[in-house]
Amino acid sequence: MKTYDAIIAGGGIIGGAIAFELARHKLRVLVIDRQSPGQEASWAAAGMLSPAPDSADAIPLVPLATASLKIYPEFVSAVESASGMSAGFRPYGAIEILFGADAENNLAAMIEQHQKLGLDTEMLHVEDAAVLEPHINRGIRAAALMRSEAAVDNRAFTSAILRAAELSGVEFRANSSVEKLKLKGEGKCIGVIVAGEHISAKHVIIAAGFASSAIEGIAQYAPTIPMRGQMVALQSAQVDLHRVIRSERGYIVPRGNGRCVTGSTIENVGVEKRVTPQGISKILSAAVEMIPALEDAAIVETWCGLRPDTPDHLPSLGPTDIEGLLIATGHFRNGILLAPITAKLFAEWITSQHTNVNWEAFGPMRFAKSAARVASERRT
Ligand SMILES: Cc1cc2nc3c(=O)[nH]c(=O)nc-3n(C[C@H](O)[C@H](O)[C@H](O)COP(=O)(O)OP(=O)(O)OC[C@H]3O[C@@H](n4cnc5c(N)ncnc54)[C@H](O)[C@@H]3O)c2cc1C
């Protein structure tokens with residue numbers, strides 16, 4: 001019977017990026033996906049690469065996100081050269097714009113926070129914002145420039161990663177759901193069980209997005225839930241943005257040639273994939289507020305996706321107390337950004353059991369420990 005060095009449950013950008021990285025280290029890898037790989041959250045995203053925290057919950061993620069942004073160009077170029085496909089990488093920065101009477105105070109607070117976190121956010125005069133992006137609303141009251149931020153066409157990039165992995169020797173099994181782990185005793189994972197078939201591997205990596213928690217035995221390490229986000233794609237003859245534009249109400253990510261994607265909503269509605277009039281109108285009104293000339297753009301696509309969220313909104317990354325079982329999920333709003341650093345971390349864990357990045361705050365055992373604490377509190 002064939003055995004693998006690693007089996008990865010889930011072929012989204014996270015599973016695909018880890019697979020590609022492990023194959024580059026000459027490991028035998030199998031990716032198993034319950035549908036066609038690359039069709040879930042990684043397909044639905046906007047592709048913004050922004051380590052700036054969008055809430056207090058995201059602050060602990062900033063160092064990991066910054067480290068991932070730093071290695072993005074080299075990861076993109078490795079994927080592009082291995083796959084022969086373009087990632088649609090746009091390292092042109094982002095502009096945050098602020099409206100309303102408190103705009104200047106809010107901007108000062110944001111810049112102070114970002115600089116403390118080591119981000120290169122700088123104040124941008126309103127007139128300079130209009131020079132950089134002439135279609136920005138002239139009614140803005142303040143603006144900031146994030147020069148080192150970038151964007152990627154996440155659909156193209158995910159496809160390129162999966163192709164790069166395949167051409168590097170990774171095997172794929174589509175339309176097969178990982179149901180259970182194959183365990184030896186209680187403490188060792190030696191593979192997975194798929195439709196009754198046992199497939200063996202030295203390492204099993206769970207990268208099944210929001211559905212990771214549905215795999216038997218995984219919820220204690222990755223209590224993932226789906227968090228819906230709706231999106232709209234626009235095509236404009238007048239507006240061809242260069243940089244990502246954000247406000248507190250939404251964002252616009254250019255794709256080139258007058259196309260942009262704009263979002264989003266954050267909705268806890270379970271596994272329900274549909275767009276709603278309320279969601280789409282909220283997104284469009286935020287986009288038109290930022291760039292009024294988009295009022296006339298064509299709506300070319302609407303869609304939604306399910307982000308893999310966790311109770312503390314941070315990813316679950318790394319080894320567990322079961323030997324051979326690793327978790328790589330819960331990337332919530334940042335999985336496209338975090339793909340390169342996640343892949344690097346997993347290659348380091350698996351090939352040298354040593355990492356150069358500080359990841360302890362994201363270890364899967366934090367959930368297992370709190371589950372144990374809840375159980376013991378219930379008993380006493
Ligand atoms: C609207 C929206 C906008 C976003 N914007 C951004 C952004 O701008 N920047 C950013 O960095 N991130 C963004 N994200 C977040 C990002 O998309 C996710 O964090 C990332 O795609 C997660 O990747 P993944 O590979 O873990 O999950 P997924 O892409 O969901 O892949 C998981 C895979 O696992 C498979 N699977 C599930 N269960 C099983 C099983 N039992 N067995 C086998 N396979 C299984 C699924 O079929 C799927 O292919 C956005 C997300 C959404 C929805």
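In this text, all values refer to a predicted model and were calculated from it rather than measured experimentally. Computation of the quantities below employed the complete heavy-atom set of this structure, encompassing side-chain atoms and omitting hydrogens, waters and symmetry-equivalent molecules. Order of appearance sets the numbers: ligands from 1, and atoms from 1 within every ligand.
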At a non-hydrogen distance cut-off of under 4.0 Å, which region of [X] contacts ligand 1 (side chain, backbone, both, or neither)?
X: Ala207; value: backbone
X: Met231; value: side chain
X: Ser176; value: backbone
X: Tyr251; value: side chain
X: Ile215; value: side chain

Out of all atoms in ligand 1, which are within 4.0 Å of some heavy atom of [X]? Include the element for each.
X: Asn334; value: 10 (C), 11 (O), 12 (N)
X: His331; value: 19 (O)
X: Gly305; value: 53 (C)
X: Ile13; value: 23 (O), 25 (O)
X: Gly10; value: 33 (C), 34 (O), 35 (C), 44 (N)

State plainly whether the residues [X] and [Y] are in salt-bridge range, i.e. N to O under 4.0 Å.
X: Lys282; Y: Glu267; result: no
X: Asp54; Y: Arg246; result: no
X: Arg28; Y: Asp5; result: yes

Based purely on interatomic distance, does [X] place a nitrogen or oxygen under 3.5 Å from a nitrogen or oxygen of ligand 1?
X: Gly47; value: yes
X: Leu49; value: no
X: Gln39; value: no
X: Leu337; value: yes
X: Ile14; value: yes
X: Ile336; value: yes
X: Leu306; value: no
X: Ala9; value: no
X: Ser264; value: no
X: Ser42; value: yes

What is the closest protein heavy atom to [atom], and at what distance does it sit?
atom: atom 22 (C) of ligand 1; answer: Pro308 CG, 3.9 Å
atom: atom 3 (C) of ligand 1; answer: Ala45 CA, 3.5 Å
atom: atom 20 (C) of ligand 1; answer: Gly335 CA, 3.8 Å
atom: atom 5 (N) of ligand 1; answer: Ala46 N, 3.2 Å
atom: atom 27 (O) of ligand 1; answer: Gly209 CA, 3.7 Å
atom: atom 15 (C) of ligand 1; answer: Phe332 O, 3.0 Å
atom: atom 10 (C) of ligand 1; answer: Arg333 O, 3.2 Å
atom: atom 48 (C) of ligand 1; answer: Asp33 OD2, 3.5 Å

Subject >> Inter-residue atom distance Leu345.CG - Leu317.CG, 0.5 Å rounding >> reply: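 So the gap between those two atoms works out to 7.0 Å.
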Subject >> Value rounded to 0.5 Å, distance of CD1 in Ile283 from OG1 in Thr262 >> reply: 6.5 Å
Subject >> Parallel, tilted or perpendicular, as decided by the 30° and 60° cut-offs, for the rings of Trp359 and Trp349 >> reply: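 Geometry flag for Trp359 against Trp349: perpendicular rings.
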Subject >> Residue pair Leu181 / Ile193: nearest heavy atoms and the distance that separates them >> reply: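 What the structure gives for the nearest pair is O-CD1, 3.9 Å.
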Original post:
Which pair of non-hydrogen atoms, one from Ile8 and one from Ala207, has the smallest distance, and what is that distance?
Top reply: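 Here Ile8 and Ala207 meet closest at CG2-CB, 4.1 Å.
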Subject >> Identity of the nearest option to atom 7 (C) of ligand 1, non-hydrogen atoms only, from Met48, Arg228, Glu40, Glu179 >> reply: Met48
Original post:
When you look at CD of Gln353, are more than 12 heavy atoms from neighbouring residues, nucleotides or ligands closer to it than 6.0 Å?
Top reply: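 More than 12 within 6.0 Å, yes.
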